[in-house]
S.K.: 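Have a look at this one before I ask anything.
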Amino acid sequence: MTTDKQSPDNPEQEERQKNFVEQIIEADLTANTHEGRVHTRFPPEPNGYLHIGHAKSICLNFGIAQSYHGKCNLRFDDTNPAKEDTEYVDSIKEDVQWLGFEWDGIYFASDYFQQLYELAVQLIKAGKAYVCSLSVEETRAYRGGWDEVGKDSPYRERSVEENLDLFTRMKAGEFDDGEHTLRAKIDMGSPNMNMRDPAMYRIKHIHHHRTDDQWCIYPMYDFAHGICDSIENITHSICTLEFEHHRPLYDWFLDELDIFRSRQYEFARLNITHTVMSKRRLLELVENNHVESWDDPRMPTISGLRRRGYTPEAIRQFCTRIGVTKQNSTHDISWLEDSLRSQLNKEVLRRAAVLRPLKVVIENFPEGHVEMMEAVNNPEDPSAGTREVPFTRELYIERSDFMEDPPKKFFRLGPGREVRLRYGFFITCQEVIKDEEGNISELRCTYDPETRGGQAPDGRKVKGTIHWVSVEHAVDAEVRLYDHLFQTQHPNDVEQGQTYLDNLNPNSLEILKNCKLESSLGEAQPGERFQFERLGYFCVDSRESSDSKPVFNRSVTLRDTWAKMQKKG
RNA sequence: UACCCCAUAGUGUAAUGGUAGCACCAGUGAUUUUGAUUCACUUAGUCUAGGUUCAAAUCCUAGUGGGGUAACCA
């Protein structure tokens, strides 16, 4: 028998300081509190789609189970049929699995309705619960306020027999919604509002998505949650900070019922700059068409991030990087973006794509000639090999890679300037062609045949390297550029008379319809990810892309020092 | 107004009574056929006031600041 602390067994968690929850668990392990057993659970209510904040909780709960050879259940907290639906159950299961986790057990609070009912009866018999017939308004008035203790309900001293009778009839459907509630008999004078005789059951003649019409009374969260944890032998019940005041109640039920003591621990929920994270607000964004759907790539939902091109690994890495504490905090969205970049940089194939094309004609390159150039697929991964790309007389380059009157720090193409076409040749701009309105429509350039592959035999240097696509071989595509959903860091911080909606970024989506891609991209499959060199990471949209019309989403830009310099001026 | 939680570089986190460390951001430089990547360096921090102690970011008290809480929601 050893008293050594068990060391985490999850590679993504290694080499990291333990967060306070892990420290609690290790202390429990050392003290042998649960005979070395660690069992967590992720308990979403199926009333909306999961977002990155839930990912933090998922990574915490499932991650702990992995690290300490424990278990983690997925449990749907479906005690309020008015809001819940199987549509959400399905999406939540999909999202958890996509994130890379497997639950040990999958349960629903509704699985336990009968047990919950019996335990409620037990509390009534013990004189610890009573049927109250106050209306909602009366209940609120009796509860008192922060500066005023509550008053006992006139029904508080009903006999056990009467309570039993009434509760049985509540269950039998003899009463209308709101006529009675079952309340815990605790303390109307408690400074903690949750202890002022909280409701345990309410009458709702509503169809439940899993129990159909079997029940017309439904347990409240506070009564159900701890008992569900206890039934499942959950050792560490981890939830967010707003449930802190509920902990005494959580403990009260388990103590009075004398059943397995699960313990509740609270951590700070995740906030990220330039977005909002409450289910209510996300729902509002969808319903008012500020975004297209729950899986709009601008949404912080798991499904939105997935469609945007985020990987489960990147999200998991983000969640471990941000840590777990009790401090309210807001993480910079660049952390999330950086997690994606660092993974994709190592793994993803490089391709050339011209988003805003400018035609270049190489006057001294023979017409009809195609020169195949060798291009590296991923400089970070030699095993990714190389590919051949066609170089021809007519090419597209990025409009932003040319300036008619460039500043000295501009390393790209300008009249009379020479640049390298990546994996191509050096070219020099000889002439700028404009249309009637004065817009640049074409560049006439010459190339140096001696610079094939991008090196000059005379050793001369060129300041810039730009990407290009052969006109003849280019694949047409639509590319969607996403920016932050909100233009302010903290969208919920608003002036008088404004709402977070006033902080929406009007340019969060830019659709480019005339993009020219390297030919190999024509075969890209939905969900496939690439780095478009010098631009960013992109993925094929899983919903709207088709063979005839590929649609790419920009997942995240590359770091762009040039853009930063320009902003500063 | 009552109660609860929290307070460490710009941001986020570590140090669990014994040298305040790490990451991101920012800045500078090197390398570079992606203004990417990579590498090196730099800036900058314990909310305040008391107390306990040989020793306090850490323990205690008060204050200040931030957050949360009065659904028959979760």
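This is a predicted model, so every value here is computed, not measured. Letters go in sequence order (proteins before strands), and every chain restarts at 1.
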S.K.: Do NZ/NE/NH1/NH2 and the carboxylate oxygens of A:Arg534 and A:Asp401 come within less than 4.0 Å?
M.R.: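 Between A:Asp401 and A:Arg534 there is a salt bridge, with a charged N closer than 4.0 Å to a carboxylate O.
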S.K.: Which nucleotides of nucleotides 59-69 of chain B have their base under 4.0 Å from a protein heavy atom (B), which only their sugar-phosphate (S), and which neither (-), written as one string 5' to 3'?
M.R.: -------BSBB
S.K.: Testing A:Gln531, A:Arg350, A:Glu347 one by one against A:Glu380 for a side chain to side chain contact (heavy atoms under 4.5 Å, CB included), which residue passes?
M.R.: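 Running side chain to side chain contact (heavy atoms under 4.5 Å, CB included) over A:Gln531, A:Arg350, A:Glu347 with A:Glu380 returns exactly one hit, A:Arg350.
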S.K.: Give A:Pro379 one of three labels, base, sugar-phosphate or nothing, depending on what nucleic acid heavy atoms sit under 4.0 Å from its own.
M.R.: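 Here A:Pro379 touches the bases of the nucleic acid.
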S.K.: Tell me what A:Ile333 touches on the nucleic acid: a base, only sugar-phosphate, or nothing, going by heavy atoms under 4.0 Å.
M.R.: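 Contact class for A:Ile333: none.
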S.K.: Measuring only the P atom in each nucleotide, how far is B:rU64 from B:rA49? A whole number of Å is fine.
M.R.: 15 Å
S.K.: Rounding to an integer number of angstrom, what distance separates B:rU58 and B:rU52 when you compare their P atoms?
M.R.: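 Each nucleotide's P atom is 15 Å from the other's.
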S.K.: Considering only the P atoms, how many Å lie between B:rC54 and B:rG21, rounded to the nearest integer?
M.R.: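 It works out to 26 Å between them.
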S.K.: Any base atoms under 4.0 Å from A:Glu266, or only sugar-phosphate, or nothing? Heavy atoms, all strands.
M.R.: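 It contacts nothing in the nucleic acid.
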S.K.: Return the residues of residues 219-226 of chain A meeting this criterion: a heavy atom under 4.0 Å from some atom of RNA chain B. Order them by number, or give none.
M.R.: A:Pro219, A:Met220, A:Tyr221
S.K.: Any donor-acceptor pair, under 3.5 Å, between the side chain of A:Gln17 and the base of B:rU13, if you only look at N and O atoms?
M.R.: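 Check fails, no donor-acceptor contact within cut-off.
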S.K.: Let's test your reading of the pairing rules: Watson-Crick or G-U wobble, both distances under 3.5 Å, then write RNA chain B as a dot-bracket string with ( ), [ ], | and dots.
M.R.: .((((((..((((....[..)))).(((((.......)))))....(((((..]....))))))))))).....
S.K.: Give the intermediate values and the outcome of salt bridge (charged side-chain N to carboxylate O under 4.0 Å, His left out) for residues A:Glu84 and A:Arg210.
M.R.: CA-CA 10 Å; A:Glu84 296 150 7; A:Arg210 295 193 82 245; over 6 Å; no
S.K.: Taking 4.0 angstrom as the limit, do A:Arg263 and A:Asp229 come out as a salt bridge?
M.R.: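 So A:Arg263 does not pair with A:Asp229 through a salt bridge.
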S.K.: Is A:Tyr218 touching bases, backbone alone, or none of the nucleic acid, heavy atoms closer than 4.0 Å?
M.R.: nothing
S.K.: Distance check, P atoms only: B:rC60 and B:rU53, in whole angstrom units.
M.R.: 16 Å
S.K.: Measuring only the P atom in each nucleotide, how far is B:rG67 from B:rU1? A whole number of Å is fine.
M.R.: 15 Å
S.K.: Any idea which of B:rC73, B:rC72, B:rG35 is nearest the A:Lys83 side chain?
M.R.: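 Taking heavy atoms from C-beta onward, the closest nucleotide is B:rC73.
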S.K.: Under 4.0 Å, counting only non-hydrogen atoms across every strand here, what does A:Gly323 touch: a base, just sugar-phosphate, or nothing?
M.R.: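 Touches nothing.
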S.K.: Nearest to the side chain of A:Thr561, heavy atoms from C-beta on, is which of B:rC72, B:rG35, B:rC25?
M.R.: B:rG35
S.K.: So A:Arg140, base contact, sugar-phosphate only, or nothing? Heavy-atom distance under 4.0 Å.
M.R.: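 Counting heavy atoms under 4.0 Å across all strands, the contact made by A:Arg140 is with sugar-phosphate only.
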S.K.: For A:Arg412, report the nucleic acid contact type (base, sugar-phosphate, nothing); a contact means any heavy atom under 4.0 Å.
M.R.: base
S.K.: Touch check for A:Thr330, heavy atoms < 4.0 angstrom, all strands: base, sugar-phosphate only, or nothing?
M.R.: sugar-phosphate
S.K.: Work out how far the P atom of B:rU28 is from that of B:rA36, and round it to whole angstrom.
M.R.: 13 Å
S.K.: When all nucleic acid strands are considered with a 4.0 Å heavy-atom cut-off, which category describes A:Thr325: base, sugar-phosphate, or nothing?
M.R.: sugar-phosphate
S.K.: Just to be sure I understand the rule, does A:Lys346 reach a base, reach only the sugar-phosphate, or reach nothing, if contact means heavy atoms closer than 4.0 Å?
M.R.: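 Touches nothing.
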S.K.: A:Arg143 near the nucleic acid: base, sugar-phosphate alone, or nothing, with a heavy-atom cut-off under 4.0 Å?
M.R.: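 Touches sugar-phosphate only.
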S.K.: Measuring from the side chain of A:Ala199 (C-beta onward, heavy atoms only), which nucleotide among B:rC72, B:rA36, B:rG12 has the closest atom?
M.R.: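 Comparing B:rC72, B:rA36, B:rG12 against the side chain of A:Ala199, the answer is B:rC72.
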S.K.: In whole Å, what separates the C1' atom of B:rA26 from that of B:rA44?
M.R.: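 My reading of the C1' atoms in B:rA26 and B:rA44 gives 11 Å.
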S.K.: Once you apply a heavy-atom cut-off of 4.0 Å, does A:Lys204 come out as touching a base, just sugar-phosphate, or nothing?
M.R.: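 Touches sugar-phosphate only.
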